[in-house]
There are 2 protein chains.
Amino acid sequence: MEYTKTMEASDVYKCIADTQRLRILNLLEAGSLCVCHLQELLEVPQVKMSKQLASMKQLGLIKASREGTWMIYSLVTSDSGLLLANIEYLRTAQCQECNQLKQDLLRHEKLIQRIAETNEDCPESVLPATCSIS
Amino acid sequence: MEYTKTMEASDVYKCIADTQRLRILNLLEAGSLCVCHLQELLEVPQVKMSKQLASMKQLGLIKASREGTWMIYSLVTSDSGLLLANIEYLRTAQCQECNQLKQDLLRHEKLIQRIAETNEDCPESVLPATCSIS
DNA sequence: ACAGTATATACGCCAAATGGAATATACAAA
DNA sequence: TTTGTATATTCCATTTGGCGTATATACTGT
């Protein structure tokens, strides 16, 4: 049921041709996130987010893991050279969408910070690896 | 009538998400070409080629100039950093489509060679700049 | 003016992608 | 077992994109 076809360049391009999906991937490159936080950051309805994540997962660009009721999504870095190269390029380029990506990263940071401060309910893998060696 | 909207990254991605269009751009990066030669190289019907060229022209990725009955298409290099970066990336990468691009370049070379040898009817700007200083 | 070659556009059709409402599933806690 | 929260899936309507046939346009040579 869970068949993943071999990833082609055109698949990657088709994927990031959608600004919303590109923003998701840009965020995931900065750290794993659960669906509800992605929703919050991009301000999109749950259905849409869920569907977009599902399509990218099937493509093999991202993977999901469960943590309680949360689903944590993260980038699959192997075989994603093309994607990573583009994200890197866009983060330093000049265009509408590029600015959006930078803003998203800032909002992401703020979100992480807020979670840490307010101590609100949140999956652990979303938080940055706090020094694991005490 | 000829309005060109400002080019966004997603426009570029949408464009190169189509293998055929990507192949065209890859070829044009190697040198200007007229419609009939592009048709010959990619083996697609005239209508299809013409439409794809039209769409990329409207996007601002390529430009056209007339030479007799021929229309010569060439890359617009300004503002195409993202495109060029991807073409360069793909030419040195490993995937189905990447191989296709390399093959196309070889066929392009052969075409140019054949034209030079057989002296067949052909727009000048398609031929490589033969040493202009005698 | 006419015929020929090269290219573009219009129109109609079908496949694929998108978006939302409703519903289903998975898990946790009481 | 019930309730609540998080997420996924189904169904349906709409839009978008690609493709082919036929036709139009632009130019050249006679």
Side-chain angles (χ1 to χ4, degrees), chain A residues 1-2 5 8 10-24 28 32-59 61-74 115 120-126, chain B residues 1-3 5 8 10-24 28 32-59 62-74 115 120-126:
Chain A
M1 204 62 80
E2 179 79 27
K5 53 173 197 171
E8 281 295 318
S10 58
D11 291 324
V12 175
Y13 290 137
K14 219 171 292 173
C15 181
I16 61 181
D18 181 282
T19 307
Q20 208 89 296
R21 285 190 295 254
L22 175 60
R23 290 174 67 191
I24 295 174
L28 291 184
S32 302
L33 282 169
C34 65
V35 184
C36 55
H37 288 146
L38 280 168
Q39 269 178 250
E40 182 183 335
L41 288 169
L42 301 199
E43 293 173 297
V44 288
Q46 187 261 322
V47 195
K48 194 175 172 184
M49 180 57 70
S50 194
K51 280 192 211 172
Q52 286 180 325
L53 289 169
S55 73
M56 293 191 281
K57 182 181 164 199
Q58 177 176 333
L59 247 187
L61 282 176
I62 63 180
K63 59 179 190 280
S65 66
R66 187 175 280 284
E67 191 167 321
T69 59
W70 291 293
M71 287 298 285
I72 315 295
Y73 281 89
S74 33
I115 291 173
E120 64 195 79
D121 222 20
C122 164
E124 285 193 17
S125 23
V126 163
Chain B
M1 202 61 79
E2 179 77 28
Y3 76 103
K5 52 174 200 172
E8 282 294 317
S10 58
D11 291 323
V12 175
Y13 290 136
K14 221 169 291 172
C15 181
I16 61 180
D18 180 282
T19 307
Q20 208 90 297
R21 284 189 297 254
L22 175 60
R23 290 174 68 192
I24 294 174
L28 291 184
S32 302
L33 282 169
C34 65
V35 183
C36 55
H37 288 147
L38 280 168
Q39 267 177 252
E40 182 183 335
L41 286 169
L42 301 198
E43 293 173 296
V44 288
Q46 186 261 322
V47 195
K48 193 176 172 185
M49 180 57 69
S50 195
K51 280 194 214 170
Q52 287 181 323
L53 289 169
S55 74
M56 293 192 281
K57 182 183 164 195
Q58 176 175 333
L59 248 186
I62 62 179
K63 59 179 190 283
S65 66
R66 185 176 281 284
E67 191 167 319
T69 57
W70 290 294
M71 288 297 286
I72 314 294
Y73 281 89
S74 34
I115 291 172
E120 63 195 82
D121 224 18
C122 163
E124 284 192 20
S125 24
V126 163

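A, B, ... follow the sequence lines: proteins, then strands. Residue 1 opens every chain.
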Query raised in the report: Which parts of nucleotides 9-22 of chain D does protein reach within less than 4.0 Å, heavy atoms only, written one letter per nucleotide 5' to 3' as B for base, S for sugar-phosphate only and - for none?
Result: BB-------SBBB-
**Report entry** Nearest-Å distance for atom pair CH2/C1', residues A:W70 and C:dC27
**Finding:** 11 Å
Report summary line: Separation between CZ (B:R21) and CE (B:M49), nearest 0.5 Å, reads 11.5 Å
Query raised in the report: Expressed in angstrom and rounded to an integer, what is the separation of A:D11 atom CG from C:dA17 atom C1'?
Result: 14 Å
**Report entry** Partner residues of A:S32 under the side-chain hydrogen bond (donor to acceptor under 3.5 Å, both in side chains) criterion, sequence neighbours left out
**Finding:** none
Query raised in the report: Please give, in whole Å, the distance from C:dA6 P to B:L38 CG?
Result: 14 Å
**Report entry** Value rounded to 0.5 Å, distance of CD in B:Q20 from CD in B:E43
**Finding:** 10.0 Å
Query raised in the report: How long is the span from the NZ atom in B:K14 to the CG atom in A:D18, to the nearest 0.5 Å?
Result: 8.0 Å
**Report entry** Value in whole Å for how far the P atom of D:dT7 lies from CG of A:L33
**Finding:** 11 Å
Report summary line: Taken to the nearest whole Å, CG/B:L53 to P/C:dT7 is 10 Å
Query raised in the report: Can you give one letter per nucleotide of nucleotides 24-30 of chain D, going 5' to 3': B for a protein heavy atom under 4.0 Å from the base, S for sugar-phosphate only, - for none?
Result: --SBS--
Query raised in the report: In whole angstroms, how far is the C1' atom of D:dA8 from the CE atom of A:M49?
Result: 14 Å
Query raised in the report: Separation of A:I62 atom CD1 from D:dT7 atom C1', in whole Å?
Result: 13 Å
Report summary line: dist A:L61:CG -> A:K63:NZ (nearest 0.5 Å) comes out at 11.5 Å
Report summary line: B:E120 CD to C:dA6 P, in whole Å, measures 11 Å
**Report entry** CD/B:E124: more than 12 non-hydrogen atoms of other groups inside 6.0 Å
**Finding:** no
Query - Spacing of A:L53 atom CG and A:L28 atom CG [to the nearest 0.5 Å] - result: 7.0 Å
Requested in this report: Could you tell me whether the phosphate oxygens of D:dA8, OP1 or OP2, come under 4.0 Å of any side-chain nitrogen or oxygen in A:Y73?
Outcome: yes
Query - Least distance between heavy atoms, B:L59 atom then B:C15 atom - result: CD1-CB, 4.0 Å
Requested in this report: Enter the distance from A:I72:CD1 to A:R66:CZ here, rounded to the nearest 0.5 Å.
Outcome: 10.0 Å
